[in-house]
Amino acid sequence: MNIEKLEEKTKLIQKLSVLFNEVTIPIRLRDAEKLYNPLDPAPVQTRELSSEIEAYILKELEYKSSKSRIAIEFIADDVSLYDIEIMRTAFKNHFKRRAEEQLIRNRKSLRRWLSFLFFGVALLSLFLFLAHFFRVHSDGKPIFSILSESFAIIGWVALWEPATYFLYGRSAERRLLYKFMRLHHATVTITAATGSF
């Protein structure tokens, strides 16, 4: 699934979400520059957001319904109309990049863990065969019984991490991608001392 299809899906979810309450995440800024990563030399429209602001927004999303519409309200002093439009553009660009990067990471992670899964299944088959072999030929010999149990345990341990990823890790990666997509399509307002823009 490419980023365009994900965007279409997210837009559809946003349209359907009118049935639910919109949730607003307010963020207080002393000035517009506090929105950005001070170490990022890129043009202002494409600058990264402050890591503290991104972490705060993602944390706040943990407590919001996954179906609700998201609105971000920045409350900033001394911002011009130009600053406000740039802030909106930078916010959306930032989370679009985050979504694209996360999509690439998810694909790479899936390929990597699939290879680990196949390798783990092969190891499990080999070690279960060895466990069965030593069990059949133990003939009351304790060392063979120990080897049989050990090979069975090692075989299942080889499959542990790939299984954990497909049971839990993959869904966590997909949830993070969905958060970035929601934030890319969030309503962004900036409230200055003179009112809301």
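Just so you know, residue 1 is the first one in the sequence shown, and it goes up from there.
Within the 4.5 Å cutoff, no side-chain heavy atoms of L128 are placed close to those of F151. Side chains of L110 and R170 form a contact here, defined as non-hydrogen atoms less than 4.5 Å apart. Between F95 and E54, the closest side-chain pair of non-hydrogen atoms falls below 4.5 Å. Residues L29 and D77 are not in side-chain contact: their nearest non-hydrogen atoms beyond the backbone lie 4.5 Å or more apart. Side-chain atoms of F116 and W113, non-hydrogen and from C-beta on, do get closer than 4.5 Å to each other. Here the side chains of I57 and I72 are in contact, with some heavy-atom distance below 4.5 Å. You'll find the side chain of E73 stays beyond 4.5 Å of the side chain of I27, heavy atoms only. Residues L177 and L103 form a side-chain contact, since some pair of their non-hydrogen atoms from C-beta on lies under 4.5 Å apart.
Residue pairs meeting the ring-ring contact (aromatic ring centres under 6.0 Å, His included) criterion with at least one partner in residues 31-84, sequence neighbours excluded, are F74-F91.
There is no path of hydrophobic side-chain contacts, each under 4.5 Å, that joins I75 to L183. Under the 4.5 Å side-chain heavy-atom criterion for ILVMFWY residues, a single connected hydrophobic cluster contains both L123 and F134. Side-chain heavy atoms closer than 4.5 Å link hydrophobic residues (I, L, V, M, F, W, Y) into clusters, and following such links, possibly through other members, connects F133 to I143. L124 and F166 fall within a single hydrophobic cluster, where Ile, Leu, Val, Met, Phe, Trp and Tyr side chains are chained together by heavy-atom contacts under 4.5 Å.
I104 belongs to no hydrophobic cluster, as no Ile, Leu, Val, Met, Phe, Trp or Tyr side chain comes under 4.5 Å of its own.
The backbone N or O of A186 lies less than 3.5 Å from a partner atom in the side chain of K92, making a donor-acceptor pair. A distance-only check finds a donor-acceptor pair linking the side chain of S148 to the backbone of A131 [under 3.5 Å]. Here the side chain of T89 pairs a donor or acceptor atom with the backbone of E85 at under 3.5 angstrom. H94 contributes no side-chain N or O that, together with a main-chain N or O of E48, makes up a donor-acceptor pair within less than 3.5 Å. Of the possible donor and acceptor atoms, none in the side chain of T46 sits under 3.5 Å from a partner among the backbone N and O of A42.
Between atom OG of residue S125 and atom CG of residue L130 there is a gap of 11.0 Å, rounded to the nearest 0.5 Å. Here the straight-line distance linking atom NZ of K34 with atom CD of E52 works out to 10.0 Å at 0.5 Å rounding. For the atom pair R174 CZ and K179 NZ, the distance stands at 15.0 Å (nearest 0.5 Å). Taking OG1 of T24 as the start and CD1 of I70 as the end, the distance is 8.5 Å to the nearest 0.5 Å. Atoms OG and CG, from S51 and L39 in turn, are 9.0 Å apart once rounded to the nearest 0.5 Å. Within the model, atoms CD1 of I53 and CD1 of I25 stand 12.0 Å from one another, a figure rounded to the nearest 0.5 Å.
The shortest non-hydrogen separation linking A99 to M181 is CB-SD, 3.4 Å. Considering every non-hydrogen atom in both Y165 and E173, the closest pair reads OH-OE1, 2.9 Å. A pairwise comparison of heavy atoms in I154 and F127 identifies CG2-CE1, 3.6 Å as the closest pair. For L159 against V121, the heavy-atom pair with the smallest separation is CD1-N, 3.6 Å.
We find that D83 and R88 are not joined by a salt bridge, their nearest charged nitrogen and carboxylate oxygen being 4.0 Å or further apart. Contact check on R47 versus E33 returns a salt bridge, with a Lys/Arg side-chain nitrogen under 4.0 Å from an Asp/Glu carboxylate oxygen. Between R98 and E101 there is a salt bridge, since a side-chain N of the basic residue sits under 4.0 Å from a carboxylate O of the acidic one.
Considering only residues two or more places apart in sequence or on other chains, S150 meets the side chain to side chain contact (heavy atoms under 4.5 Å, CB included) condition with I146.
When only modelled atom types and interatomic distance are considered, Y178 and Q102 share no side-chain donor-acceptor pair under 3.5 Å.
No more than 12 heavy atoms of other residues, nucleotides or ligands shown are found within 6.0 angstrom of NZ on K96.
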### Test log, rule side-chain contact (heavy atoms from CB on, under 4.5 Å), inputs L61 and V23
CA-CA 9 Å; L61 277 185; V23 296; 5.7 Å; no
